[in-house]
Amino acid sequence: MTTQTLTDEALKAEVTAWLADHWKPKAGDQGAGFGLHPQRDFMAKVVEARWAVPTWPKDWYGREMSLAQAKIIEKAFAAVGAPGAGQDRSNLWANTAMAHATPAFKKTIVPALLKGEVGMCLLYSEPGAGSDLAAIRTRADRKGDHYVVNGQKVWTSGAAVADYGMLIARTDWDVPKHKGISFFFLPMKQPGIEVRPLRQITNEAHFNEVFITDAIVPADNMLGPLNNGWGVLQTALAYERSVMGDAARGPRSGQDNPKGDSALVELAREAGRLNDPVIRQEVAQVTAYKVLNRLNNARAKAELAQGNSSPIMSLGKLAMSRILHEEARLRSKLLGAGSLLEGPDHPRAEDANFLSLNAYFTSIGGGTDQIQRNIIGERVLGLPKEPEVDRDMAFRDVRSG
Amino acid sequence: MSAITAEDLKVFVEQLKRLLADRSSETEVRRLSETSEGYDPTVWKALADLGVTGLIIDEDHGGFGGDAVALERVMEEVGAALLCSPLLSSAILAPALLQALDDDAAKVRLLPDLASGAKIATVAITGPSAGWIEGHVAVDAMAVGTDWSLTGKAAFVTHAHIADVLLVVARAPDGVAVFEVDPKAAGVSLTSLPTFDHTLRMSDIDFAKVSARRLACNGSAWQAVEAMIDLALIALAGEQAGGSRRVLEMTVDYAKNRYQFGRAIGSFQAVKHMAADLLMDSESCTSAARHAAQCLASGSDEAPSAISLAAFACADAFSAITATSIQMHGGIAFTWAHPAHLYLRRARADAHLFGSSDFYRERYVQQLGG
Ligand SMILES: Cc1cc2nc3c(=O)[nH]c(=O)nc-3n(C[C@H](O)[C@H](O)[C@H](O)COP(=O)(O)OP(=O)(O)OC[C@H]3O[C@@H](n4cnc5c(N)ncnc54)[C@H](O)[C@@H]3O)c2cc1C
């Protein structure tokens with residue numbers, strides 16, 4: 001392959017032609033939720049044709065391409081609504097495995113993840129460890145060539161259909177809490193794992209409790225060195241948060257929703273509220289939040305393409321949280337008393353109310369807004385860290401609650 | 001003047017608290033939310049026996065003659081307990097309207113049964129454009145001999161599905177008037193609405209040449225409707241104040257007992273500051289609700305603006321408190337099993353019944369001379 005010398009125009013022509021040959025849109029197929037993709041056959045072709053992760057090494061389904069050119073591919077895919085491109089940015093599972101898995105495990109798991117052949121979940125949070133993830137009490141004990149895992153996880157999205165869970169578990173209790181954690185790909189379909197769905201405020205059950213009793217994970221499924229799971233987790237969290245800053249789940253009523261920057265203007269017009277000066281101000285403000293987040297992300301990516309990491313990267317998830325809460329609030333306001341309703345016969349109200357509840361997925365899930373602000377203050381702005389009382393004591397002696 | 005003394009009210013509220021603790025637990029609220037009636041007739045009976053259904057009905061018609069202050073105070077408890085009942089419709093809207101209209105025969109005919117809880121009534125006010133203002137009334141009334149006939153649509157009618165009596169605001173040739181309708185009469189069709197607040201029941205009602213009895217009115221019937229809405233806004237403000245305080249308590253309690261990073265989450269400034277804001281909002285909500293009630297009860301000139309203020313300040317406070325509460329709880333409040341969302345849903349309903357915050361902010365600025 002001679003992608004290095006490929007001009008932007010030639011690349012665009014190549015990917016457009018490929019899509020024309022291979023992409024047959026099917027109605028009703030939305031993107032991957034938790035790893036497993038509804039269009040696995042097509043995804044496999046995308047990976048084999050090296051469109052999935054163009055910035056990756058050539059030995060790993062990539063083209064060693066610049067971020068700028070990778071973006072051309074993403075755009076061409078997005079233009080026809082085809083899935084599978086941009087995974088070097090967005091596939092948190094594959095990126096984490098690529099960065100930290102053993103050579104043997106990487107070989108089987110990475111292509112499977114890129115092709116959307118395995119369902120995935122994140123086994124991080126526990127009843128006593130949410131914001132304070134390093135307080136986990138799930139344990140993994142070495143026995144020969146595998147580890148035995150015991151403990152309980154909670155809020156695990158997608159656990160009911162997952163083949164693997166990215167697990168953090170304690171492997172050393174005699175060192176401070178961040179230093180005794182290891183990171184695994186835990187096979188989910190085994191007797192020691194019981195998944196109990198939890199009903200959400202959205203009246204759905206995507207997240208679950210996971211009870212783990214003597215479950216087995218091969219030692220080869222460990223990512224990074226023993227007791228270095230905290231570092232691996234930082235990679236995975238960064239990808240997760242970046243994805244959450246880029247996009248969020250939309251309305252669920254099935255009714256067509258206007259798209260693009262004028263979407264809220266359209267909704268206001270439809271509701272007969274476009275002449276209301278207060279509404280006009282709010283439509284402008286909420287739309288601005290969306291556009292500014294997009295502009296911030298674009299600048300961050302451009303800086304990344306130049307090889308500089310950007311502090312803006314950390315802002316996306318927090319910005320998205322505000323966008324979602326504010327858009328939902330405005331949608332309800334547009335409907336007035338109409339927002340008292342829900343259900344399929346009242347799709348606009350259903351969407352406004354669903355979005356107002358689901359906004360907490362972004363403002364709590366993946367690290368709360370408060371934790372995001374702490375991270376921005378401390379890691380980006382270099383403000384002093386809050387003293388952490390249990391940071392340096394052996395985990396065995398830490399108080400739980 | 002209230003026929004209930006401050007001392008009596010205190011005792012009454014204590015009794016009500018006990019009744020609600022016993023009969024409107026979270027488990028009961030959840031159970032009733034799933035039923036189609038949406039209330040428990042035996043609890044309704046208990047509320048009637050205590051005197052809640054007759055609270056604002058005058059003593060001559062079997063009630064207790066309670067004023068806005070008593071009503072507001074009672075509604076604080078109702079809001080804290082998320083009571084599922086047709087109280088708003090049958091013990092507030094309908095009697096308030098009947099008393100404002102002052103049709104003696106209608107009062108004698110209807111109020112005693114409402115006071116005793118034997119009958120449930122509701123009021124159909126706005127049409128589908130849902131503005132709760134005169135221009136949004138969408139039922140027309142035509143005289144047919146000495147009788148009247150109603151045709152048109154009413155929307156968001158609370159508890160109509162269990163009502164024995166409908167009071168319908170409609171447009172007669174000589175202006176807006178109020179009509180008494182039997183919900184089982186020919187030409188009445190009810191459509192139950194799926195509500196975001198599962199503790200609330202509402203219907204749209206279609207009227208096709210429905211025979212109706214016109215209620216007499218001493219003055220403008222629309223002014224009587226406005227007087228009714230004002231009292232309902234005070235009731236909702238009380239409900240919002242009580243709900244706000246309960247959510248504040250629940251949330252602060254959690255912040256004291258949930259540990260992360262080896263300390264109570266309430267020790268983090270981010271959480272502490274959110275808690276302080278909850279208190280500010282909840283206290284302001286209570287003050288606004290009680291002040292509006294006091295103004296109305298004492299016939300103060302300030303009453304109209306105090307009611308507008310309560311209408312938006314309490315709606316916004318309860319909405320903000322319930323929304324922040326979920327954030328302060330973290331993942332646990334994203335579950336159906338946690339009560340936080342039940343209050344959020346109630347807050348959203350209360351904020352839209354009888355007009356939006358924006359509507360009352362505008363009315364407030366006008367009342368201030370703007
Ligand atoms: C819809 C949804 C899906 C989720 N999916 C997953 C999943 O798939 N896998 C998984 O592992 N987890 C998942 N989570 C869990 C999520 O990551 C946690 O809920 C989140 O990190 C918060 O933890 P917590 O719920 O224990 O709240 P807590 O940590 O108890 O936080 C409670 C409150 O305290 C605040 N707080 C805590 N510490 C601080 C501090 N240091 N400074 C300031 N404020 C603080 C928080 O901001 C919050 O307001 C999901 C959560 C949700 C809501």
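Order of the sequence lines sets the chain letters (A, B, ...), proteins ahead of strands, with each chain counted from 1.
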Legend entry - Side-chain touch B:Pro194/A:His346, heavy atoms, less than 4.5 angstrom: yes
Inset, instruction - Rounded to the nearest 0.5 Å, what's the gap from OH on B:Tyr259 to CG on A:Asp390? Could you check? - result: 12.0 Å
Inset, instruction - For residues A:Ile201 and B:Arg345, report the shortest heavy-atom separation together with the two atoms involved. - result: O-NH2, 2.8 Å
Legend entry - Considering all heavy atoms, the nearest B:Ala270-A:Gln370 contact: CB-CG, 3.9 Å
Legend entry - Pick from B:Gly331, B:Ser356, B:Ala130 with the largest number of heavy-atom pairs that fall under 4.5 Å of chain A: B:Gly331
Legend entry - Leading residue by heavy atom contact count with chain B [cutoff under 4.5 Å; candidates A:Val278, A:Asn203, A:Leu198, A:Val389]: A:Asn203
Legend entry - Closest approach of B:Arg263 to A:Pro387 (non-hydrogen atoms, all atoms of both residues): NH1-O, 3.5 Å
Inset, instruction - Would you indicate whether the side-chain heavy atoms of B:Phe268 and A:Glu386 approach each other to under 4.5 Å? - result: yes
Legend entry - Most chain A-contacting option - heavy-atom pairs closer than 4.5 Å, from B:Met274, B:Gln269, B:His338: B:Met274
Legend entry - A:Ser339 side, atom OG; B:Phe196 side, atom CZ - distance, nearest 0.5 Å: 8.5 Å
Legend entry - Separation of A:Leu340 CG from B:Asp350 CG (nearest 0.5 Å): 9.5 Å
Legend entry - Pairwise distance CD(B:Gln260) to CD(A:Glu388) - rounded to 0.5 angstrom: 10.5 Å
Inset, instruction - For chain B, find which of A:Leu341, A:Asp345, A:Asp276, A:Leu335 contributes the most heavy-atom pairs closer than 4.5 angstrom. - result: A:Leu341
Inset, instruction - Would you check if the side chain of A:Tyr360 reaches a backbone N or O of B:Ala323 as a donor-acceptor pair within less than 3.5 Å? - result: yes
Inset, instruction - For the pair B:Gln327 (side chain) and A:Ser363 (backbone), establish whether a donor and an acceptor sit closer than 3.5 Å, ignoring hydrogens and angles. - result: yes
Inset, instruction - Identify the two heavy atoms, one from A:Gly130 and one from B:Arg258, that lie closest to each other, and give their separation to 0.1 Å. - result: N-NH2, 4.0 Å
Inset, instruction - Below 4.5 Å from any heavy atom of chain A, which atoms of B:Ile332 appear? Answer side chain, backbone, both or neither. - result: both
Legend entry - Exercise: identify the closest heavy-atom pair between B:Phe334 and A:Phe361: CE1-N, 3.9 Å
Legend entry - Which portion of A:Ala359 sits near chain B, non-hydrogen atoms under 4.5 angstrom: neither
Legend entry - Nearest-0.5 Å distance that lies between atom OG1 in A:Thr368 and atom CE in B:Met328: 11.5 Å
Inset, instruction - For B:His198 and A:Glu342, test the side chains for any donor-to-acceptor distance below 3.5 angstrom and give the result as yes or no. - result: yes
Legend entry - Separation of A:Asp132 CG from B:Ile265 CD1 (nearest 0.5 Å): 12.0 Å
Inset, instruction - Please indicate whether B:Arg363 has more than 12 foreign heavy atoms, meaning atoms of other residues, nucleotides or ligands, lying under 6.0 Å from its CZ. - result: yes
Legend entry - Heavy-atom closest contact (A:Gln200 atom, B:Trp336 atom, distance): O-CE3, 3.3 Å
Inset, instruction - Ignoring hydrogens and angles, state whether a donor on the side chain of B:Arg348 or A:Ser356 is under 3.5 Å from an acceptor on the partner side chain. - result: yes
Legend entry - Part of A:Ser125 lying under 4.5 Å from any heavy atom of chain B: neither
